[in-house]
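Computed from a predicted structure; not experimentally measured.
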Amino acid sequence: MTNTVNILSIDGGGIRGIMPAVILAGLENKLQQISGNAEARLSGYFDFFAGTSIGGLLSCVYLAPNDNGLAGTKYSAAQAPEFYFAYAGNAFKPNKKQSPYESFHRYAPGGLESQLKLLFKDIKYSQLLKPCYITAYNVSLMKPCEFLSEQAKREPDSDYYVRDILRATSALPGLFPPANICSLAGKGSCFVDGSLFAHNPAYNAYLQAKKIFPDARNFLVLSLGTGLVTSLSSDINISDNSYKNWAKLLAELSFGEFTSDTGLRFEEAFREASSSRYVRLQPSLEGLNTLPDDVTPQNINELYARGQMFLMQNDNLLSEIARNLVEAANS
């Protein structure tokens, strides 16, 4: 038996999440080819999943159990990119309220909530097929929140419908209003997007995985970004104090990567573990719209194409990762 724990972590980034979705669909395809199993899924090769905002949604897509107790996952990774084309416009429904205070949040939550219900129905967080870690910020308690599916299995107060946790982790101020949700035991709290403290949740996930797998000596952490933002959009004017402008500014700041030191943290953590590895897959957004909520067909198609381009440019690396995952599963 291998003593390596494989962690899959996905950043927040709104509609830009289509890029890691495309990359992971490619990785799953390689796992199928190398293993010789056409039904191979990401959930069969990673031990721990983590995500913030759209990364949390993708993690739950890969871990959702099949309906009616059937074995396997409800969705394949290949289906995930399709969701963006089918549901993005429905999830981002403009907020029609007119008062300045109410219009700070650009989108009404009803569209997002209906799409989450359509995707996950009444699946409980405790029912996910592998341990999962999703971030949010608890406004009621004024502190970061870490939703852990393993904890949800033990504590009813920590178990929620998947759709509610995803509503919480996606409630980015300026885009969606806060999420008031209740656990299955009836405990209620108010949450906003986890990107406020963990845009890239990889290192937080690693710390939690160490607790779940205390005997593990080596870790593979595969971390996927939603596009490298090197500068704010030129049409943002800091001197513009309107609600609309600052909602846009907050969104870009939350999903930026200006002060990310995750790689340095892993370098230090893995200094004494030569077989541990942190792999960061981060497509470039050069020439593309960096906003997390541009759901126009043109932008979605451009992001999809950028994800495909990243796949081709990094084919050898993805093949290497897939081979290592298959070998570890067979050892």
Side-chain angles (χ1 to χ4, degrees), residues 10 12-15 17-18 21 43 49-70 73-77 79-93 95 105 107-140 145-153 155-173 175-195 201 292-293 295:
I10 312 170
I15 194 61
I18 192 170
S43 59
F49 287 68
T52 291
S53 194
I54 192 64
L57 187 151
L58 286 173
S59 292
C60 291
V61 165
Y62 305 138
L63 295 177
N66 236 322
D67 295 329
N68 304 317
L70 298 176
T73 59
K74 183 178 179 69
Y75 302 111
S76 68
Q79 289 176 278
E82 300 172 5
F83 297 148
Y84 291 86
F85 292 95
Y87 303 135
N90 294 320
F92 290 85
K93 290 290 187 183
N95 194 338
H105 302 294
Y107 303 104
L112 173 62
E113 291 168 358
S114 65
Q115 296 309 308
L116 292 175
K117 179 68 181 291
L118 187 63
L119 284 174
F120 298 102
K121 297 185 171 61
D122 291 332
I123 296 174
K124 300 174 184 177
Y125 197 44
S126 58
Q127 293 176 318
L128 295 183
L129 297 177
K130 288 289 181 68
C132 188
Y133 167 91
I134 294 177
T135 68
Y137 191 89
N138 190 323
V139 179
S140 301
C145 173
E146 299 175 305
F147 292 108
L148 292 161
S149 62
E150 293 300 287
Q151 185 178 5
K153 293 177 181 179
E155 303 172 8
D157 271 352
S158 300
D159 201 9
Y160 296 78
Y161 289 120
V162 165
R163 63 176 188 267
D164 289 336
I165 287 180
L166 296 180
R167 170 69 177 89
T169 192
S170 301
L172 181 66
L175 294 187
F176 291 102
N180 291 289
I181 64 172
C182 288
S183 72
L184 297 180
K187 182 181 179 181
S189 288
C190 179
F191 299 92
V192 293
D193 196 303
S195 291
D293 61 331
V295 294

Distance in Å, Y87 OH paired with E82 CD, rounded so as to fall on 0.5 Å steps:
9.5 Å
Can you give me the closest heavy-atom contact between K187 and D157, atom names plus distance?
CB-OD1, 3.9 Å
Do Y160 and Y125 have their ring centres less than 6.0 Å from each other?
no
The residue among K130, K74, Q127 that forms side-chain contact (heavy atoms from CB on, under 4.5 Å) with L63 is K130
What distance separates L166 CG from I54 CD1, expressed to the nearest 0.5 Å?
8.5 Å
So how far is it from F147 CZ to S158 OG, rounded to the nearest 0.5 Å?
9.0 Å
Hits for side chain to side chain contact (heavy atoms under 4.5 Å, CB included) against A108, two or more places apart or cross-chain, chain-then-number order -> none
A64 and L129: which non-hydrogen atoms are nearest, and at how many Å?
O-CD1, 4.2 Å
Where is the tightest heavy-atom contact between I181 and A168, given as atom of each residue plus distance?
CD1-CB, 4.0 Å
Walk me through it: do I123 and C60 pass the test side chain to side chain contact (heavy atoms under 4.5 Å, CB included)?
CA-CA 10 Å; I123 296 174; C60 291; over 6 Å; no
Using a 4.5 Å cut-off on heavy atoms from C-beta on, say whether the side chain of H105 contacts that of L172.
no
Considering only NZ, NE, NH1 and NH2 on the basic side and carboxylate oxygens on the acidic side, decide whether D159 and K153 come within less than 4.0 Å.
no
Roughly how far, to the nearest 0.5 Å, is the CD1 atom of I134 from the OG atom of S53?
10.5 Å
With rounding to the nearest 0.5 angstrom, report the CD to OG distance, Q151 to S126.
12.0 Å
Side chain to side chain contact (heavy atoms under 4.5 Å, CB included) against S59, all qualifying residues, sequence neighbours excluded
I10, F49, C132
Exactly one of T52, L57, L112 should register a side-chain contact (heavy atoms from CB on, under 4.5 Å) with S170. Which one does?
L112
Can you give the donor-acceptor pairs under 3.5 Å from side chains of residues 113-121 to other protein atoms, not counting sequence neighbours?
{"from": "E113", "atom 1": "OE2", "to": "R167", "atom 2": "NE", "distance (Å)": "2.9"}
{"from": "S114", "atom 1": "OG", "to": "G110", "atom 2": "O", "distance (Å)": "3.3"}
{"from": "S114", "atom 1": "OG", "to": "G111", "atom 2": "O", "distance (Å)": "2.8"}

Check: T73 main-chain N/O paired with N66 side-chain donor or acceptor under 3.5 Å:
yes
Assess the residue pair I15 and D293 against the criterion (side chain to side chain contact (heavy atoms under 4.5 Å, CB included)); give the C-alpha distance rounded to whole Å, side-chain angles, the decisive distance to 0.1 Å, and a yes or no.
CA-CA 6 Å; I15 194 61; D293 61 331; 6.0 Å; no
So Y75 and F83, would you call those rings parallel, tilted or perpendicular, with 30° and 60° as cut-offs?
perpendicular
Kindly give the heavy-atom pair with the smallest separation between A21 and Y62, and that separation in Å.
CA-OH, 3.9 Å
Write down the atom of S140, the atom of C190, and the distance for their closest heavy-atom approach.
OG-N, 2.8 Å
Is there a side chain to side chain contact (heavy atoms under 4.5 Å, CB included) between L184 and Y161 once you walk through the steps?
CA-CA 7 Å; L184 297 180; Y161 289 120; 3.7 Å; yes
Gap separating the OG atom of S189 from the CG atom of N138, nearest 0.5 angstrom:
4.5 Å
Between C182 and D164, what is the shortest heavy-atom contact and its length?
O-OD2, 4.3 Å
